[in-house]
Amino acid sequence: MRVHVLSLFIVSVGLVAADDYVRPPAGRSLFVSLSKDHSKTSPQQVHISLAGDAKMRISWITDSTTPSTVKYGKSQGIYETSATGTSSSYRYILYKSGQIHDVVVGPLEPSTTYYYKCGLDSSPELSFRTPPAQFPIDFAVSGDLGQTEWTKSTLQHIGNTGYDVLLLPGDLSYADFYQPWWDSFGRLVEPLASQRPWMVSQGNHEVESIPLIHKERFTAYNARWRMPFDESGSDSNLFYSFDVAGVHVIMLGSYTDFGLGSNQYNWLESDLKKVDRKRTPWLFALVHAPWYNSNTAHQGEKESTHMRDSMEDLLYNARVDIVFAGHVHAYERFTRVYNQDADKCGPVHITIGDGGNREGLATKYKDPQPKISLFREASFGHGQLQVVNASHAEWTWHRNDDAQPDSTWFTSLAFDSACVV
């Protein structure tokens, strides 16, 4: 009881402080170039992601053809194991990417630091830490990152949290057709994304299709950020799921077909039926366009309202605990909700599209504040979700430029007898 009272006090302080807070303007864009000593065979834009049971996918880019090989081990300079994967490239109008390498390594031990080299022996040594096999586990959550001064601040804050896995509900680079910005983004996030798994979904800024000129959607996103869709029975990189330390996470695609009978709908229905809440008592979902939103930005978009109409029953009946979204460049936390009303067996909806994008903050909200909306603030920030055990998790949202948080505790619906299905 003491913990819940403290959480309510922190939330109350946050609401009062927000009234006097001067919200920052959009940040200056940052383009990250290659270092002068970088060679065409040197790996760049290294990032890792979970790739099935006890495995990790390591992805990187080189300017010229090099082996798609990773050597790795548990001691610095000693690489006892190696794995070989694939490489590919893509064209976008006049742009041609470098060689994009994907290598899956494992099986790996939980909560263990591995040292690794990508490609040639002359490549620098990097390291990553695997997530734990059981609770507790820490998630960093941030959407609509982009690459601005505020993005850099967000990444610095996230890097100081000691997180295990990062969840990103869409809108990564804000390249918006200019492909070198994808390369810049990969370099910007590499210091973090090469050390901890980044699990991402797509947003509207990843679509990048141009009528008559480049009709294919998600070309760069699918080529650069391959997620474990095939490992989870999906036929598309735009929607997938994974398990980690007692949590089942579902990444949904707001900008691919989600209607009744669509591939995504059928996959989601099948995936939810496979969930065993005794093995994974926590169940999270991520979308890009929020299903609940009291900000005046992005109201009435079909990716929000139509997707909610199509899929909300599936998530509600499966007793999903939390739904994270981005798209709206602000933070908002709702109570447990279903069918646009408070429902103790529905998921908590959290919008966290405040990572630092170049478009700035969405500062206008509906007035009065809906009863189902518990906390809302237009500031750049990030979220931290510590799943302490099978029944309890602590959520904290941090504003980047001061210590003002929104903090609360959640109880898994798997432990609420009134919500057992």
Side-chain angles (χ1 to χ4, degrees), residues 1 3-4 7-8 11-12 15 141 167 169 241 247-252 254 258-260 265 268-269 271-273 275-278 280-295 298-328 330-353 365-366 368-376 383 385 387 390-395 397 406-421:
M1 183 65 184
V3 170
H4 290 280
S7 299
L8 289 172
V11 170
S12 298
L15 284 170
V141 190
L167 305 177
S241 66
V247 181
H248 186 71
V249 182
I250 299 170
M251 312 289 277
L252 297 174
S254 298
F258 45 69
L260 182 66
Y265 182 96
L268 175 60
E269 187 175 39
D271 188 78
L272 289 171
K273 288 179 180 178
V275 174
D276 180 357
R277 297 300 283 267
K278 293 181 179 179
T280 54
W282 288 94
L283 183 52
F284 305 151
L286 278 77
V287 298
H288 182 63
W291 294 1
Y292 290 91
N293 169 32
S294 73
N295 196 289
H298 297 300
Q299 284 292 329
E301 295 179 352
K302 64 182 179 62
E303 291 83 5
S304 295
T305 59
H306 291 188
M307 191 179 192
R308 182 187 66 208
D309 293 344
S310 174
M311 293 183 161
E312 186 175 32
D313 282 352
L314 292 179
L315 299 193
Y316 178 76
N317 291 332
R319 298 300 189 253
V320 168
D321 293 294
I322 306 173
V323 177
F324 292 105
H327 201 40
V328 175
Y331 169 71
E332 185 166 17
R333 175 171 60 85
F334 289 83
T335 188
R336 293 195 175 277
V337 62
Y338 169 66
N339 196 24
Q340 305 183 60
D341 202 356
D343 189 310
K344 65 179 182 180
C345 298
V348 172
H349 283 257
I350 295 175
T351 299
I352 190 153
Y365 286 95
K366 291 182 177 180
Q369 182 172 354
K371 292 182 179 179
I372 59 173
S373 174
L374 301 182
F375 190 105
R376 55 187 191 176
L385 180 63
V387 184
S391 59
H392 288 84
E394 183 180 20
W395 166 256
W397 172 77
D406 166 38
S407 184
T408 191
W409 284 81
F410 300 130
T411 300
S412 169
L413 292 177
F415 284 81
D416 189 334
S417 59
C419 298
V420 173
V421 292

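Bear in mind the structure is a predicted one, so any value in this text is a computation, not a measurement. For reference, positions follow the sequence shown, starting with 1.
In this structure a side-chain-to-backbone donor-acceptor pair under 3.5 Å is missing from Ser310 to His306. Checked by atom type and distance alone, the side chain of Tyr316 never pairs as donor or acceptor with a backbone atom of Pro347 at under 3.5 Å. A donor-acceptor contact shorter than 3.5 Å links the side chain of Ser254 to the backbone of His288. Counting only distance, with no hydrogens or angles, the side chain of Arg319 and the backbone of Val421 share no donor-acceptor pair below 3.5 Å.
Inspection of the Ser294 and Gln369 side chains reveals no N or O donor paired with an N or O acceptor under 3.5 Å. At a cut-off of 3.5 Å, with distance as the only test, no side-chain donor of Glu303 or His327 sits close to an acceptor on the other residue.
Between Ser304 and Ala289 the shortest heavy-atom distance is OG-CB, 3.3 Å. When all heavy atoms are compared, the tightest approach of Leu283 to Ala318 is CD2-O, 3.6 Å. Looking at every heavy atom in both residues, Ser412 comes nearest to Arg277 through OG-NH2, 3.7 Å. What you find for Thr335 and Ala342 is that their closest heavy atoms are CG2-CB, 4.1 Å. Residues Pro281 and Ala414 share a closest heavy-atom pair of O-CB, 3.6 Å. Nearest approach of Ile352 to Pro169, heavy atoms of both residues: CG2-CG, 4.4 Å.
Counting heavy atoms from C-beta outward, Leu385 and Trp282 have side chains that stay 4.5 Å or more apart. A heavy-atom distance below 4.5 Å is found between the side chains of Met311 and Trp291. Put simply, the side chain of Val320 does not reach to within 4.5 Å of the side chain of Leu314, judged on heavy atoms. In this structure, Phe410 and Asp321 have side chains that are not in contact, with every pair of non-hydrogen atoms separated by 4.5 Å or more. A 4.5 Å side-chain heavy-atom check between Asn317 and Leu272 finds every atom pair outside the cut-off. Using a 4.5 Å cut-off on side-chain heavy atoms (C-beta onward), Pro370 and Arg376 make contact. Put simply, the side chain of Arg308 reaches to within 4.5 Å of the side chain of Tyr292, judged on heavy atoms. Proximity of Trp409 to Thr411: side-chain heavy atoms (C-beta onward) are nowhere separated by under 4.5 Å.
Distance check, rounded to the nearest 0.5 Å: SG of Cys419 to CG of Asp343 gives 7.0 Å. Rounded to the nearest 0.5 angstrom, Gln299 CD and Asn293 CG are separated by 4.5 Å. To the nearest 0.5 Å, the span separating CZ on Phe258 from CG on Asp309 amounts to 9.0 Å. For the atom pair Leu252 CG and Ser241 OG, the distance stands at 9.5 Å (nearest 0.5 Å). From Phe284, atom CZ reaches atom NE2 of His248 across 11.5 Å, with rounding to the nearest 0.5 Å. Between the OG atom in Ser407 and the CD atom in Glu394 there is a gap of 4.5 Å [rounded to 0.5 Å].
Ring to ring, Phe324 and Trp395 are close: their centroids are under 6.0 angstrom apart.
Stacking of Arg336 on the aromatic ring of Phe334 is not recorded, the 6.0 Å distance cut-off and the 45° axial limit not both being met.
Of the candidates Val323, Ile372, Val287, Val323 is the only one forming a side-chain contact (heavy atoms from CB on, under 4.5 Å) with His349.
Remark: Asp406 engages Arg333 in a salt bridge, criterion side-chain N to carboxylate O under 4.0 Å.
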